[in-house]
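Presented below is the structure to which this report refers.
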Amino acid sequence: MPLQVTPDPSLKDALAAATRPLVGMWVCSGSALMAEICAGAGLDAVLIDGEHSPNGLEGILAQLQAVRSYPVTAVVRPPANDTVLIKQYLDLGVQSLLIPMVHTVAEAEAAVSAVHYPPRGVRGVGSALARSSRWNRIPGYVAGASETITVMVQIESAQAVENVEEILAVDGIDAIFLGPADLAASKGLLGQQEHPDIVAAVEHCIAAAKAAGKPVGVNAFAEATARHYMEAGVDFVLVGADVALLARGSEGLAARYVPATGTGPMASY
């Protein structure tokens with residue numbers, strides 16, 4: 001007799017149960033091994049990135065499988081707000097989506113539509129073939145699938161900030177996530193995510209989310225910035241990335257052990 005399976009909690013469930021801001025990190029290496037290492041670190045969430053990372057469908061599937069045995073919420077960011085890609089991610093078993101570059105109400109509505117089966121949305125029905133339903137081992141999956149999915153959209157442009165209240169009001173948007181780096185670029189302040197105007201815009205969006213009664217997250221690798229936004233009321237903060245930790249850690253090893261004059265075998269490169 002096949003096992004009967006119940007869906008895992010998604011990010012909205014973890015946020016609803018939390019008594020403090022949830023803390024997570026990016027997994028950008030494309031490696032299931034790295035994802036598993038990060039999943040066991042004691043953080044609340046890992047965010048597997050498909051926008052700026054070498055992650056195809058097979059790689060994302062392997063990472064979902066690697067982290068599932070750990071008490072951590074897996075969130076996945078597709079490369080675009082694309083109905084076909086979102087369908088494929090959902091069928092892989094992604095339950096918590098971070099949709100990038102959502103600037104308008106229409107784009108937020110498109111993201112919501114992509115995760116729901118008709119008549120509410122346009123998600124293609126392929127549950128019998130898909131890991132999402134555990135190949136129809138989750139009883140009533142199609143009828144209840146919407147309740148198992150979190151839709152979080154990324155506010156990361158001046159236009160999105162202007163529209164944030166309306167985006168938050170879209171039925172089916174479970175949370176927003178703030179991207180200060182792209183927001184700074186959109187305002188002509190490339191690389192200046194700590195600029196007072198950017199901090200003020202982030203704080204405005206935090207206040208808007210609080211007024212709407214919806215969770216809000218932010219990307220903040222600098223500890224002082226992360227703690228500032230936590231004090232300002234964010235519910236979810238991403239504080240690092242696997243590739244960044246490896247880059248800085250390996251640089252630290254080189255700084256401690258390799259002479260600064262560069263006399264090693266790679267000195268001519």
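No hydrogens, no waters, no symmetry mates; every other heavy atom, side chains included, goes into these values. Bear in mind that the values here come from a model prediction, so they are computed numbers and not experimental data.
Inter-residue side-chain proximity for Trp26 and Arg77 is flagged as met; some heavy-atom pair is nearer than 4.5 Å. The shortest distance between side-chain heavy atoms of Asn81 and Ile86 falls below 4.5 Å. Within the 4.5 Å cutoff, side-chain heavy atoms of Pro100 are placed close to those of Pro78. When side chains are defined from C-beta on, Tyr141 counts as touching Ser132, because their heavy atoms get closer than 4.5 Å. Two residues are said to be in side-chain contact when any heavy atoms from C-beta on lie closer than 4.5 Å; Asn136 and Ser127 meet this criterion. Put simply, the side chain of Tyr70 does not reach to within 4.5 Å of the side chain of Val46, judged on heavy atoms. When side chains are defined from C-beta on, Val202 does not count as touching Val234, because their heavy atoms never get closer than 4.5 Å. Under the 4.5 Å side-chain criterion, counting only non-hydrogen atoms from C-beta, Gln88 is in contact with Leu85.
With values rounded to the nearest 0.5 angstrom, Asp197 atom CG is found 9.5 Å from Gln192 atom CD. Atom CG of Leu245 and atom SG of Cys38 lie 7.0 Å apart (nearest 0.5 Å). The structure places CG of Asp44 at 10.5 Å from CG of Leu238, a figure rounded to the nearest 0.5 Å. Distance check: Lys12 NZ to Asp235 CG gives 15.5 Å after rounding to the nearest 0.5 Å. Rounding to the nearest 0.5 angstrom, the gap separating the CG atom in Leu47 from the CZ atom in Phe236 is 6.0 Å. Here the CD-CG distance, from Glu156 to Asn219, works out to 9.5 Å after rounding to the nearest 0.5 Å.
Closest approach of Ala220 to Val237, counting heavy atoms only: CB-CG2, 4.2 Å. Across all non-hydrogen atoms, the minimal contact from Leu183 to Ala158 is CD1-N, 3.6 Å. Residues Cys205 and Leu178 approach most closely at CB-CD2, 3.5 Å, considering heavy atoms. The minimum heavy-atom distance linking Pro180 with Ile198 is given by the pair O-CG2, 3.9 Å. Annotation for Ile173 and Ile167: closest pair CG1-O, 3.9 Å, computed over non-hydrogen atoms. Nearest heavy-atom pair across Tyr117 and Val142 is CD1-O, 3.6 Å.
Leu190 CG: 12 or fewer foreign heavy atoms inside a 6.0 Å radius. No more than 12 heavy atoms of other residues, nucleotides or ligands lie within 6.0 Å of CD in Glu223, so this atom counts as exposed by the packing criterion.
Both Ile176 and Val105 are assigned to one and the same hydrophobic cluster, defined by single-linkage of ILVMFWY side chains at heavy-atom distances under 4.5 Å. Linking ILVMFWY side-chain heavy atoms closer than 4.5 Å, directly or via other members, places Val239 and Val199 in a single hydrophobic cluster. Following chains of ILVMFWY side-chain contacts shorter than 4.5 Å, one cannot reach Phe177 starting from Met25, and the two form parts of different hydrophobic clusters. The hydrophobic clustering, which links ILVMFWY residues whose side-chain heavy atoms are closer than 4.5 Å, places Leu97 and Val153 together. Under the 4.5 Å side-chain heavy-atom criterion for ILVMFWY residues, a single connected hydrophobic cluster contains both Val112 and Leu168.
For the side chain to side chain contact (heavy atoms under 4.5 Å, CB included) with Val76, the lone residue among Val27, Leu98, Leu64, Leu90 that qualifies is Leu64. With Gln63 as reference, Asn55 is the one residue of Asn55, Leu33, Leu92 to meet the side chain to side chain contact (heavy atoms under 4.5 Å, CB included) rule.
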For this session: Go through Leu22 and Leu43 one step at a time and tell me if the side-chain contact (heavy atoms from CB on, under 4.5 Å) criterion holds.
Result: CA-CA 8 Å; Leu22 300 184; Leu43 296 167; over 6 Å; no
For this session: Applying side-chain contact (heavy atoms from CB on, under 4.5 Å), run through Thr104 and Gln159 and close with a yes or a no.
Result: CA-CA 7 Å; Thr104 67; Gln159 183 184 18; 3.4 Å; yes
Exercise. When you look at Val218 and His228, which way does the side-chain contact (heavy atoms from CB on, under 4.5 Å) test go after all the steps?
Worked result: CA-CA 11 Å; Val218 68; His228 171 78; over 6 Å; no
For this session: Please step through side-chain contact (heavy atoms from CB on, under 4.5 Å) for the pair Tyr89 and Leu57, ending with a clear verdict.
Result: CA-CA 7 Å; Tyr89 276 42; Leu57 295 177; 3.8 Å; yes
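Salt bridge present: Arg68 and Asp8 bring a charged side-chain N and a carboxylate O closer than 4.0 Å. Salt-bridge check for Arg123 with Asp91: passed, with a basic side-chain N closer than 4.0 Å to an acidic carboxylate O.
Ser10 and Thr150 form a side-chain donor-acceptor contact under 3.5 Å, judged by distance and modelled atom types alone. With no hydrogens or angles considered, a side-chain donor-acceptor pair links Glu194 and Thr225 at under 3.5 Å. Between Glu162 and His204, the side chains place no donor N or O within less than 3.5 Å of an acceptor N or O (distance only, hydrogens not considered).
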